[in-house]
Amino acid sequence: MASGTALIYDEEMTTHKLLWSDPICDIEVPERLSSSYEQLRSYHLVERCVHVPAREGSEEEILLVHSLEHLEVAKSTQTMNEEELKRVSENYDAFFFHPSTYRCARLAVGATLQLVDAVMSGKVRNGMALVRPPGHHSQRNAANGFCLFNNVAIAAEYAKLKYGLQRILIVDWDVHHGQGTQYIFEEDPSVLYFSWHRYEHQEFWPSLKESDYDAVGLGKGKGFNINLPWNKVGMGNSDYLAAFFHVLLPTAFEFDPELVIVSSGYDSGIGDPEGQMNATPEVFAHLTHFLMQLANGKLCVILEGGYHLKSLGESVCMTVKTLLGDPVPQVSGEMAPCLSAVESIQNVRAAHKPYWKWLAYEDTSFLQNLSTKSHFLKTANSNPSTEHESKITNNNDTVKVDRFLELHMKNILFPVPPIKTATTGCEGSEHFLSEHVQLVKEMDKTEVEALVSGFYADLVKDNKTLLSLGSMFVILDKILKKEVCNGIATSPTAALSAAVALRHSVRLGFQRVLCVFVGDMQMIPNTEDGKMLIINICEKEQSGKTSCKHYFSLNWKEDAEGNDFFSAVLGFILPVAYSYQPNLTVIAVGPNRNLGISGISLLVALIQGLAESRIFAVIEDTEISLMQNVAKLLVGASTPAFGIYVPPTQEKVNRIKALRDQFQQEWKMLQCSVKEGI
Ligand SMILES: NCCCNCCCCCS
Ligand SMILES: [Zn+2]
């Protein structure tokens with residue numbers, strides 16, 4: 001199994017720079033690269049990565065995407081004087097040439113292809129390339145928006161040719177629409193292109209009609225181009241996460257890519273003068289973590305934009321830290337997407353309904369009620385509750401943004417725990433023992449009885465249960481003290497152990513404990529005080545217990561053909577969990593589970609983004625292979641495999657929709673459509 005994270009950086013790419021005054025282009029400075037690299041070094045992240053050298057992209061590789069004419073024009077600029085450079089640059093929208101631009105652009109292409117080779121060859125699992133000039137605006141025959149050659153588009157064509165790939169996902173989280181990439185692949189069903197971008201109803205650059213949500217691709221490519229326009233500035237962490245849960249991830253898992261490439265622009269982050277958005281650096285750790293669960297972890301992150309140096313640097317570090325497998329920091333801010341974001345999400349889901357199985361039963365009746373194409377009137381005067389208050393008055397005050405980020409990142413960056421996983425050395429754990437795993441010694445019986453005596457004492461009869469409870473307490477203690485990141489234990493009675501673990505965790509001081517219980521839970525703790533939130537995935541309604549704000553019973557019967565659990569995890573469990581913001585997650589699998597191992601693996605893999613990746617898993621001791629799968633995921637030893645994708649049945653979609661309609665006011669991350677009549 002491939003491991004390791006590649007980092008590609010070559011100082012020579014800092015030589016390209018603007019030689020004359022141009023207020024549009026003067027933000028694309030060499031320091032974008034050097035200060036990002038310095039920030040990575042300051043967090044000791046460079047030394048933890050595998051260094052892969054850049055190289056020049058060959059003319060042949062560039063011609064995979066660009067015309068010979070475009071290549072020749074670019075090549076001819078190397079010997080021009082400033083006057084000539086200025087004149088050639090004026091042929092393009094927002095681009096500048098320097099004598100070294102051509103050389104730098106070829107290094108940017110080569111660095112990107114080096115990363116693709118390192119990942120596809122298994123030399124590393126994933127990686128990041130810090131490159132400039134960026135690429136996603138450049139087109140077959142034109143430079144545009146600071147971009148000369150489309151690095152990511154060339155990488156996709158290269159990967160198809162060299163590795164015979166048939167499904168590549170490009171995620172463009174830059175705040176600008178990568179129209180160049182869209183044009184290149186809009187008829188190509190083997191490349192799924194997703195972009196969100198500041199749009200403001202076509203007012204924001206590049207102000208194209210084809211950047212709107214109804215540009216779904218052409219011909220055979222229909223459905224493989226996804227545009228999510230942001231029609232207001234100030235979008236934040238919750239809007240970005242909602243876009244992943246309710247648009248990108250369900251599509252991405254159905255598409256099942258063999259490789260994921262990110263057009264990683266950080267001008268969608270707080271403080272950036274172009275984006276004017278509010279999302280804070282740690283959100284990129286979450287976005288990266290989600291994409292790491294696709295394509296067996298084969299993920300290539302390529303720098304695009306990002307023009308506030310401090311914001312850019314912090315976001316680059318959050319990305320690389322996550323690629324390295326570090327715990328994902330708690331995401332900040334109110335977990336409630338704004339009205340405008342939910343409108344855009346609803347529109348793009350409706351536009352793509354004809355092309356994706358997961359959207360087969362999407363309710364698009366709202367389209368009938370509205371005549372205009374922009375399915376919603378511009379929410380010009382939308383009331384304050386639908387607007388995000390901006391943490392910073394305006395992003396143009398660079399020093400103020402620096403100060404904010406200084407403080408914000410202080411309580412986020414935590415040392416990586418020396419040990420990742422603690423376990424009781426239960427059956428089957430010998431398979432995955434590695435330096436990341438610590439065996440915990442059993443706790444002595446009297447101590448356990450003392451801890452359990454308060455409650456459930458009557459239930460705890462035999463020694464075996466007492467011992468398993470003992471080791472559970474030890475593990476929970478280590479997680480609380482941050483000596484380990486997560487832990488796993490088996491139990492003869494997972495339901496009892498889970499109930500005891502929940503009570504013990506609250507008593508240890510965890511304020512919000514999320515418990516996902518698979519199987520019939522037998523006893524359900526009282527969740528009135530909100531200190532626990534329980535999601536019970538069971539085959540039948542628990543006797544008499546209906547769902548309420550902190551207790552959900554989600555009936556699910558595993559599909560014999562494969563894994564149909566994606567819509568439940570992405571459309572319900574994660575949105576509720578992210579709304580709740582737990583500081584510990586307990587995953588328990590009891591007897592007669594009703595979910596397949598691949599469904600449970602999906603749940604464990606995606607839920608690690610919560611609670612700073614603090615997870616305690618307790619598994620019925622009869623489930624040896626499940627235990628091994630979950631343990632490998634917690635250690636980070638394996639890239640997850642989620643089985644055969646099966647789309648949800650109408651009945652299952654309706655069940656999730658019913659829960660969403662009932663609880664989307666309490667747990668706002670569930671929102672993906674605007675209530676009628678707002
Ligand atoms: N009024 C023209 C604004 C042009 N702005 C170009 C921004 C390119 C960003 C590359 S990520
Ligand atoms: Zn950009």
Side-chain angles (χ1 to χ4, degrees), residues 13 16-18 20-33 35-36 89-98 101 104-105 108-109 112 128-139 142-153 170-184 193-208 211 227-230 233 235 240 243 261-279 281 283-284 287 301-309 311-313 315-316 319 395-396:
M13 283 183 267
H16 161 67
K17 68 187 174 99
L18 182 60
W20 51 83
S21 87
D22 173 346
I24 285 174
C25 294
D26 61 7
I27 53 174
E28 208 289 287
V29 295
E31 290 72 23
R32 294 181 54 241
L33 231 45
S35 68
S36 297
S89 303
E90 277 154 10
N91 292 335
Y92 305 108
D93 177 3
F95 189 75
F96 60 92
F97 278 102
H98 177 276
T101 302
C104 291
V109 168
T112 305
M128 176 160 204
L130 291 174
V131 300
R132 67 184 282 274
H136 68 149
H137 297 299
S138 65
Q139 298 147 48
N144 179 287
F146 313 157
C147 306
L148 181 57
F149 300 137
N150 196 319
N151 307 311
V152 162
I170 298 175
V171 177
D172 186 334
W173 64 44
D174 187 289
V175 86
H176 298 91
H177 180 219
Q179 84 282 35
T181 311
Q182 170 168 311
Y183 297 150
I184 291 160
Y193 177 64
F194 170 89
S195 169
W196 63 39
H197 33 270
R198 184 178 168 184
Y199 189 58
E200 293 174 294
H201 300 290
Q202 203 175 333
E203 313 230 323
F204 188 69
W205 186 89
S207 305
L208 299 168
S211 302
N227 283 334
L228 179 56
W230 299 127
V233 292
M235 294 299 171
Y240 289 5
I261 308 175
V262 182
S263 266
S264 187
Y266 295 101
D267 43 17
S268 44
I270 192 163
D272 191 280
E274 281 285 312
Q276 299 290 324
M277 297 298 173
N278 262 341
V283 79
F284 294 105
L287 305 185
V301 181
I302 316 295
L303 182 66
E304 296 279 4
Y307 305 99
H308 184 284
L309 298 188
S311 183
L312 167 63
S315 301
V316 164
T319 305
N395 284 338
N396 299 327

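Only heavy atoms go into these numbers, but all of them, side chains included; no hydrogens, no water, no symmetry mates. Position 1 is the first residue of the sequence; numbering continues from there. Counting starts at 1 for both ligands and their atoms, following the listed order.
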Would you mind finding which of Phe95, Trp205, Tyr307 brings a heavy atom closest to atom 5 (N) of ligand 1?
Trp205

For ligand 1, does Glu304 get within less than 4.0 Å through its side chain, its backbone, both, or neither, judged by non-hydrogen atoms?
neither

Distance filter under 4.0 Å to [X] heavy atoms, resulting ligand 1 atoms:
X	value
Asp174	11 (S)
His137	9 (C), 10 (C), 11 (S)
Asp267	11 (S)
His176	7 (C), 9 (C), 11 (S)
Phe146	7 (C), 8 (C), 9 (C), 10 (C)
Ile24	2 (C), 4 (C)
His136	11 (S)

Would a line drawn from the ring center of Trp196 to the ring center of Tyr240 be shorter than 6.0 Å?
yes

Any donor-acceptor N/O pair, [X] side chain to [Y] backbone, under 3.5 Å:
X	Y	result
Gln202	Tyr199	no
His136	Glu304	no
Ser138	Asn150	yes

Of the N, O or S atoms in His176, the one nearest the Zn ion (ligand 2):
ND1

Counting C-beta onward and ignoring hydrogens, is there a side-chain heavy-atom pair between Phe204 and His176 closer than 4.5 Å?
yes

Could you tell me whether the side chain of Ser195 reaches within less than 4.5 Å of the side chain of Gln182, counting heavy atoms only?
no

Is the distance from the Zn ion (ligand 2) to some N, O or S atom of Asp174 under 2.8 Å?
yes

So, is Asp267 placed with an N/O/S atom under 2.8 Å from the Zn ion (ligand 2), counting both backbone and side chain?
yes

Check the pair Asp272 / Tyr266 against side-chain hydrogen bond (donor to acceptor under 3.5 Å, both in side chains), numbers first and verdict last.
CA-CA 8 Å; Asp272 191 280; Tyr266 295 101; over 6 Å; no

